[in-house]
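Atoms considered below: every heavy atom in the structure, side chains included; atoms not considered: hydrogens, waters and symmetry mates. The residues of the chain are indexed from 1 along the displayed sequence.
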Amino acid sequence: MAKVPRSFRLLSELEHGEKGIGDGSCSYGLKDSDDIAMYEWNGTILGPPHSAYENRIFSLSIYCGDRYPDLPPLVKFESRVTLPCVDQQGFVNFSRIPSISNWKRDFTLETVLVELRRDMAAPSNRKTPQPPEGSEYPPADLEAIAKQRKL
């Protein structure tokens, strides 16, 4: 099977993201429409119902490095959240999310957002006390961190 180039793959994901995902509980798109290399993305997750995350909108920054989709994107919550897979700076640790811990090339930005939302709704996380609504993590240079992590 032929390997789809990064740019074609991201164009397809952009088109899909602009149309909206399923029930609208997750969305994503380019941070800057002039970013022809499609490195920086924004994501949004609506907190799952019947959980401590309900009625909250979580903003995320996503950086797709040159090796995406062979390697996962760098994902950072901008909105503060308490989840086992999110560190103190807001970065997502994929190894802590069983369904995507072993990254596969066919996983997408949609996969990442949907699985994060599913993790929020998991019985072990759904009642976890959350930081005050509206609080955010400090800004970070995603490009520099992605290069440091060789993504």
Side-chain angles (χ1 to χ4, degrees), residues 1-49 51 53 56-126 128 130 136-151:
M1 183 182 213
K3 190 171 163 179
V4 176
R6 176 187 179 279
S7 58
F8 289 7
R9 166 67 179 273
L10 285 171
L11 279 170
S12 173
E13 290 198 46
L14 177 61
E15 182 181 351
H16 186 75
E18 288 176 341
K19 290 180 180 175
I21 302 171
D23 63 3
S25 60
C26 300
S27 63
Y28 61 93
L30 279 175
K31 181 177 181 179
D32 177 0
S33 60
D34 293 332
D35 179 8
I36 59 171
M38 296 179 279
Y39 286 115
E40 296 187 60
W41 298 68
N42 291 322
T44 304
I45 298 174
L46 300 180
S51 72
Y53 311 92
R56 289 189 177 206
I57 299 172
F58 296 91
S59 297
L60 300 89
S61 292
I62 304 165
Y63 186 87
C64 295
D66 289 328
R67 297 173 66 195
Y68 178 85
D70 294 317
L71 294 179
L74 180 65
V75 179
K76 179 184 180 287
F77 274 85
E78 297 302 335
S79 310
R80 282 199 179 270
V81 64
T82 302
L83 265 176
C85 64
V86 179
D87 72 16
Q88 292 183 339
Q89 288 78 42
F91 289 98
V92 174
N93 179 346
F94 284 80
S95 69
R96 306 277 316 257
I97 308 169
S99 56
I100 55 176
S101 61
N102 292 318
W103 183 259
K104 292 180 176 60
R105 188 176 211 285
D106 52 335
F107 289 165
T108 63
L109 299 179
E110 176 183 350
T111 306
V112 171
L113 295 174
V114 168
E115 292 306 317
L116 282 167
R117 188 170 190 269
R118 185 172 289 142
D119 200 40
M120 291 174 170
S124 58
N125 298 329
R126 80 169 51 131
T128 304
Q130 293 302 303
E136 294 189 348
Y137 291 103
D141 184 344
L142 296 188
E143 182 177 5
I145 293 166
K147 286 182 179 170
Q148 179 184 26
R149 295 183 183 183
K150 297 179 175 33
L151 296 177

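Between the Q89 side chain and the P138 main chain, no donor and acceptor come within less than 3.5 Å of each other. Not a single donor-acceptor pair under 3.5 Å links the side chain of Y53 to the backbone N or O of R117. Checked by atom type and distance alone, the side chain of S79 pairs as donor or acceptor with a backbone atom of S59 at under 3.5 Å. A donor-acceptor pair under 3.5 Å links the side-chain atoms of R6 to the main chain of G65, judged by distance alone.
Heavy atoms only, all atoms of each residue included: L113 and S27 are closest at CD1-O, 3.4 Å. When every heavy atom of R67 is checked against every heavy atom of K150, the shortest pair comes out as NH1-O, 3.3 Å. Considering every non-hydrogen atom in both V81 and F58, the closest pair reads CG2-CE2, 3.8 Å. Nearest heavy atom pair, residue L142 against residue S61, reads CD1-CB, 3.5 Å.
Residues R96 and D119 are not paired through a salt bridge, judged by the lack of any N-O separation under 4.0 Å between the basic side chain and the carboxylate.
Expressed to the nearest 0.5 Å, how far CG of L116 lies from CZ of F94 amounts to 7.0 Å. To the nearest 0.5 angstrom, R56 atom CZ is 6.0 Å from Q130 atom CD. Taken from OH in Y39 to CG in L30, the straight-line distance is 12.5 Å, to the nearest 0.5 Å. Atoms OG and CE, from S33 and M38 in turn, are 12.5 Å apart once rounded to the nearest 0.5 Å. Between the CG atom of N93 and the CG atom of D87 there is a distance of 7.5 Å, given to the nearest 0.5 Å. Here the CG-SG distance, from L60 to C26, works out to 9.0 Å after rounding to the nearest 0.5 Å.
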Stepwise, does the side chain to side chain contact (heavy atoms under 4.5 Å, CB included) test hold for C64 with L109? CA-CA 9 Å; C64 295; L109 299 179; 3.8 Å; yes
Would I57 and T44 count as a side chain to side chain contact (heavy atoms under 4.5 Å, CB included) if you check the C-alpha gap in whole Å, the side-chain angles of each, and the deciding distance to 0.1 Å? CA-CA 7 Å; I57 299 172; T44 304; 3.4 Å; yes
Chi angles and distances behind the side chain to side chain contact (heavy atoms under 4.5 Å, CB included) call for D70, K3: CA-CA 10 Å; D70 294 317; K3 190 171 163 179; 3.1 Å; yes
Please determine whether side chain to side chain contact (heavy atoms under 4.5 Å, CB included) holds for the pair W103 and V112, giving the CA-CA distance in whole Å, both sets of side-chain angles, and the decisive distance to 0.1 Å. CA-CA 10 Å; W103 183 259; V112 171; 3.8 Å; yes
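Judged as a side chain to side chain contact (heavy atoms under 4.5 Å, CB included), and not counting sequence neighbours, the contacts of P69 are R9, R105. Taking T111 as the reference, I100, F107, T108, E115 meet the side chain to side chain contact (heavy atoms under 4.5 Å, CB included) condition, with sequence neighbours excluded. The side chain to side chain contact (heavy atoms under 4.5 Å, CB included) check on E40 picks up K31, D35, Y63, with sequence neighbours excluded.
Surrounding CG of D106 are more than 12 heavy atoms belonging to other residues, nucleotides or ligands, all under 6.0 Å away. Around CG of L11, the count of heavy atoms belonging to other residues, nucleotides or ligands within 6.0 Å exceeds 12.
Two residues are said to be in side-chain contact when any heavy atoms from C-beta on lie closer than 4.5 Å; I62 and Y68 fail this criterion. A 4.5 Å side-chain heavy-atom check between V92 and F77 finds at least one atom pair inside the cut-off.
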